[in-house]
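Just so it is clear, the structure is predicted and the values come from calculations on it, not from any experiment. Below, chains carry the letters A, B, ... as their sequence lines are ordered, and counting in each starts from 1. In what follows, every heavy atom counts, from backbone to side chain, and hydrogens, waters and symmetry copies are set aside.
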Amino acid sequence: MPNKTEYGGNHKLIGKDYSTMDLHAKVTGQAKYAEDYRAEGMLFAKLLLSPMPHGRVRRIDTSAALAMPGVKGILTVDDLPAPADSLTDNGTVIHANKLGERGLTNEPLYQGEPILAVAAVDELTAAEAIEKIELDMEPLPFVIDPLETLRPGGPNPRVEGNIWYRPPAPPPKPGEAPKGGEGREGREGRGRGAPAPLEVKDWKWTEADFKDFNDGKLPIGKIPEDPGNSWSYGDVDAAFKNAALTLDESFTTPDTSHHCLETRTAMAYWQNGKVYVHTGTQSTIQTVPAIARWLNLKPEQVVLVSEYTGGGFGSKITGAISLIIPALLSKKCNAPVMMRVSREEETFIGRARPSILGRMKVGFSKEGKIIALDMFMLCNTGPYDAAGDAPSSGRIVSLLYQPENMRFRALTVMTNTPPRSAQSSPGGLQGIVVMEPILAKAARQLKVDQVEIRKVNAPEGKAKFGPEQRGRRAYATSAFLKDALDKGAEQFNWKERAASSPKRMGTKVRGVGVSSSCYVGGSTGFDGLLLIKPDGRVCFQSGIGNLGTESVIDVHRVAAEILGVPWEKCDVCWGTNDKHLPWTCVSGGSQTTHAMTRAAHAVATEAVQRLKEVAAKSMGGSPENYEVANERVFRKGGGGGMTLAQAAEKAIKLGGIYDGHDANPDVNRFTKAAAAALAGQGFIASARDKYPHDGQTHSYVATFAEVEVDLETGKYYLTDFLAYADVGTVLHPKALGGQVLGRSTLGIGHAIGQKWVMDPNYGAMLSRRFHHSKPPTILDVPAKMEWAALDIPDPETPVGSRGIGEPPVGGGCAAILNAIANAVGDEVFRRAPVYADGILLALENGHPMDHALTAHV
Amino acid sequence: MEVMFDMPDESNIKEVLKGVSRRKFIQGVIAGGAGVSAATYLFRASTATSAASAGERLITINVNGRDRRVDVMKQETLAMTLRYKLGLTGTKIGCDRAECGACTVLIDGVPRYSCSTLTHTVRNAKVLTIEGLAKEDGTLHPVQQGIIEEQGFQCAFCMSGFVMASVGFLQTNPNPTRAELAHGISGNLCRCQDYDKILTALLRGAEIMRGEATHA
Ligand code: FES
Ligand code: FES
């Protein structure tokens, strides 16, 4: 049965289904993704990738390649602009990371890192030229296992060491704002001081630190001082003494490539001093300054075209740095350059979720309440930027399970493996997946129902989480997870099914599992920009990326509803900054629905006020005498009025703030520039989201699953699945359902099949393609999956909507793991994904046979 | 390296390979690269500027009901011909190696991976791509219509492949169960993985195709 729940209450557009206007181009094949563009005289680029996991280029001989007919140019790291410091709006210097990823390198830090690129008239020629290049390299020591590099005398992934280290910021000078904080504010750099530049440090544990290793427990050694990675609240050690049950478990989550179906292909050319870049990105407008920074240009010199993006999942938040290769080759060769990235290249340069080795010691009361939690996470981030997964895992676990006393420690180490980045629910998935099997085990041992133990520990209302900072603990804007668990349990018929599980039928056994899940669900402070044309049509300028979540279009329904304009009269303008788009959040971390419905609300409210002013200026009276509805602005209680089309004409005559010649002073400089570029075309309104917001926005999901395990083969099937979401006000039900089940399935991939396998002797990646690390197919999930949403508005945002991209992911994975454990027992696996052979071996031996602490097996 | 090709018959293979050594052939199909392979099909322009001309020939193929004259290399895949020589970019390349189905087109009504089909082998066949599915007057195919009504798919990079696979499958089984349809299109991978809504949308298309449903 399709989901029949009605959403939207008395709203006209919010919460109602409709078909987005980008669908027609998609179904007819007209939608253009990066590789679908052609330019006159377009060259093709191919990459030369490092054959070894760590080495130094001694000599490159390109003469034979360059002598080939059709070869137009070669780009090496020497052609790249030096990493430059950048300035934020408020004048803060952001120091360039001189040791950060640059796109090409002479000291490759992982197998498959691009060393150079060749541009030629076609790809075959470029590939042949690559074969003709002589490369002389000095191999350097390498390490792919995060524990190996921490051992005394262990190899380092970089000459400088194995961890990123930021020296503590100097205390603020008197009168200066406090530094630090992970500002997600729309104004770049607002309230942030300049953090010290990152350094790479050599970090080793002692032999004694490794004593737990041989017992299969994750060793815990010293970690650098860092408030994000080391905090606690309450008295953890004292609380353990009162625990009715204490479990101490280690678990390993997999590295999983994002592997968007569209790779990070890019095409670029230069015209009149501007670079035109065609590529996929999750965030149209914020990719413009990113490209400018990478190429050392002004944002005004960058035109990005990204109307359709074939998936992102965190790997294309502001595009990908590899796009500078075709851009710079194009400049060098004075011709457009297309760089098609192949599936295998995508494995190397396309990003992945970092694996985490987690250890949790959890103390429960006899009712199952977590009274003490000691959590340690060791994250393998690859050779470049430290992924934020480890610190985020602690905050999510603290919120989702509300431990009364908690200590959190984390260490992120570098290895010679492909670079990681955020992937849907970064850190959230890992934290939830380490915790959930422990919770399930505790419930069994304490004889508490699985749903009940999650309710006992669930956040409620403005739940606090994390450590005390500046005198108080952070809190969630709202949480209705208990309702979601209750409603979900009812819909899944949990009680009855749990009572009869595990259920043996011949060689098969069925088990059921439930998981709590949550993640950050929104940011604030961004801009809206709309235009009413003299023909009466309303155009919403959308800086959001179009990666299929449909937030690029959905959020503007809020503004249309407030303006009282039928959706058929609305257009959404998206896909290139050439169309003049406002400053928008990045579409990452489930920010968009929350942030941009707020911006849409702000700009529609602003537009209503300005339209009243336009009416008062032409028809007399004061703006308060007017109202806006039914495509008109008219006198309250009858009398004169004008259509929005007429108001647009009038606005052009009035100029100034009414037709974009002046922008709302609150908005970002990108929005100001966009308004100025549109000026004079009609009525134009811009506004920044300044609505109050004190808590931290999160969304929640209660996830239920059933699996059937064949005890003779170890193979298991997912036979039922339900995700019940608490995402605030539902904006677009079908798009929401797509996100809830799509991202759940992304999580399911971590339970059933995706991981990296590497050769420890050569540091070589063995899982390079879909079939080596297979994302779930249509046959891996039940033919019918269920989802539903509570549709309770969040109190700290005007529309009530929160984001949903990340929150289902952890639950998707953990509910499957818990169902497997329900079917075949707790002592079966110590890492995800769980394979048939692992199940069989464990059943035969009576305990898990997988190597919990070995990387990339 | 293991390479799998979709080659319907021996004589064809021989003809294709005539004048090009097996090694060259594999090279042409799999990108070289130092140490790590950048394995993918490679695009060769129809110009004489290429360093090592592999020999092209003018052939006629029938695409979306029209005969198209096109210069192709012996080792050229249909996906590349469609995308780079005929401007039909609705057919996507997601893996280039028969893993994802993004490149699925109908060849004589049968769904095939165009990334793993040599253009030479379809000379006497009818090729249908996503661009040829709607009627001349723009009326969408029922499967396309079903997707619009149900807001099917997310990023849609996989969509044209799924649509062509479904259209082919529904010709043999116009009234499938959800599970049957899932099996029928299981050669296609969606990384956004909103499979539930994909199935709902495609089944809606099947309904419209059978004339059971009134358009919304
Ligand atoms: S591109 Fe042909 S199957 Fe993936
Ligand atoms: S909708 Fe994105 S890959 Fe299928």
Side-chain angles (χ1 to χ4, degrees), chain A residues 2 17 19-20 23-24 26-33 36 44 46-49 51 68-70 111-112 121-125 127-128 130-131 135 259-262 309-311 342-345 547-549 734-735 737-738 741-742 745-746 769-771 775-779 781 783-785, chain B residues 28 31-40 42-45 47 49-52 88-97 99-100 102 129-131 134 140 144 147-151 153-160 163 178-179 182-183 185-186 189-197 199-200:
Chain A
D17 274 320
S19 296
T20 54
L23 268 174
H24 190 272
K26 287 175 173 176
V27 295
T28 52
Q30 303 307 315
K32 277 194 185 321
Y33 300 72
D36 301 337
F44 287 81
K46 289 306 291 176
L47 294 168
L48 189 155
L49 307 178
M68 283 175 59
Q111 184 214 35
V121 290
D122 57 37
E123 281 183 332
L124 208 51
T125 308
E128 283 178 27
I130 296 265
E131 300 255 25
L135 185 64
H259 269 319
C260 310
L261 203 58
E262 183 198 18
T309 293
S342 75
R343 185 51 57 193
E344 289 203 13
E345 288 164 342
L547 61 161
T549 66
K734 281 187 174 140
L741 293 179
T745 307
L746 189 145
R769 306 191 60 89
F770 283 133
H771 72 270
T777 72
I778 202 163
L779 297 181
V781 293
K784 188 72 204 108
M785 297 171 83
Chain B
V36 277
S37 146
T40 182
L42 301 172
F43 169 63
R44 159 84 77 192
T47 60
T49 43
S50 294
L88 297 169
T89 54
T91 299
K92 301 295 182 232
I93 295 176
C95 71
D96 241 355
R97 194 84 76 73
E99 292 182 295
C100 76
T129 73
I130 188 82
E131 290 92 344
L140 295 180
Q144 293 171 311
I147 292 166
I148 290 194
E149 287 178 18
E150 293 294 335
Q151 188 70 43
F153 295 83
Q154 293 202 305
C155 80
F157 202 77
C158 67
M159 188 200 277
S160 55
V163 168
R178 234 180 140 81
H183 270 275
I185 56 175
S186 60
L189 185 72
C190 173
R191 188 59 177 116
C192 298
Q193 303 186 315
D194 175 21
Y195 290 123
D196 191 72
K197 190 149 53 62
L199 276 175
T200 302

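- In this structure, B/Gln154 contributes its side chain and A/Gly311 its backbone to no donor-acceptor pair below 3.5 Å.
- Considering only heavy atoms from C-beta on, B/Glu131 stays 4.5 Å or farther from A/Thr28 through its side chain.
- Atom CG of B/Asp194 and atom CE of A/Met785 lie 9.0 Å apart (nearest 0.5 Å).
- Scanning for side chain to side chain donor-acceptor pair (under 3.5 Å) contacts around B/Glu150 gives A/Lys734, with sequence neighbours left out.
- With a 4.5 Å cut-off on side-chain heavy atoms, A/His771 and B/Leu189 do not count as touching.
- Side-chain contact between B/Lys92 and A/Tyr33: present, with at least one pair of heavy atoms (C-beta onward) separated by less than 4.5 Å.
- Side chain of B/Arg97 to backbone of A/Phe770: no donor-acceptor contact under 3.5 angstrom is found.
- A/Gln30 contributes atom CD, which lies 9.5 Å from atom CD1 of B/Ile130 (distance to the nearest 0.5 angstrom).
- In this structure, A/Pro775 and B/Gln193 have side chains that are in contact, with non-hydrogen atoms separated by less than 4.5 Å.
- Checked by atom type and distance alone, the side chain of A/Ser19 pairs as donor or acceptor with a backbone atom of B/Ile148 at under 3.5 Å.
- For the pair B/Val163 and A/Val27, the minimum side-chain heavy-atom distance is 4.5 Å or more.
- With chain B as partner, the option from A/Leu741, A/Leu779, A/Asp17, A/Thr549 having the largest number of non-hydrogen pairs under 4.5 angstrom is A/Leu779.
- Remark: side-chain polar atoms of B/Gln151 are not paired, donor with acceptor, to backbone N or O of A/Ala735 under 3.5 angstrom.
- Here the CZ atom belonging to A/Arg343 is positioned 10.0 Å from the CG atom belonging to B/Asp96, to the nearest 0.5 angstrom.
- Among A/Ala31, A/Gly310, A/Cys260, the residue with the largest count of heavy-atom pairs under 4.5 Å with chain B is A/Gly310.
- Counting heavy-atom pairs closer than 4.5 Å to chain A, the top-ranked of the candidates B/Ala182, B/Cys158, B/Cys190 is B/Ala182.
- Contact of A/Leu547 with chain B is made through the backbone alone, with heavy-atom distances under 4.5 Å.
- Neither the backbone nor the side chain of B/Ser160 has a heavy atom closer than 4.5 Å to any heavy atom of chain A.
- The line from SG of B/Cys100 to CG of A/Leu261 is 5.0 Å long, rounded to the nearest 0.5 Å.
- Qualifying ring pair (Phe, Tyr, Trp, His ring centres under 6.0 Å) partners for B/Tyr195, counting only residues two or more places apart in sequence or in other chains: none.
- Only the backbone of A/Thr309 comes within less than 4.5 Å of a heavy atom of chain B; no side-chain atom from C-beta onward does.
- Here the CG-CD distance, from A/Leu23 to B/Glu149, works out to 11.0 Å after rounding to the nearest 0.5 Å.
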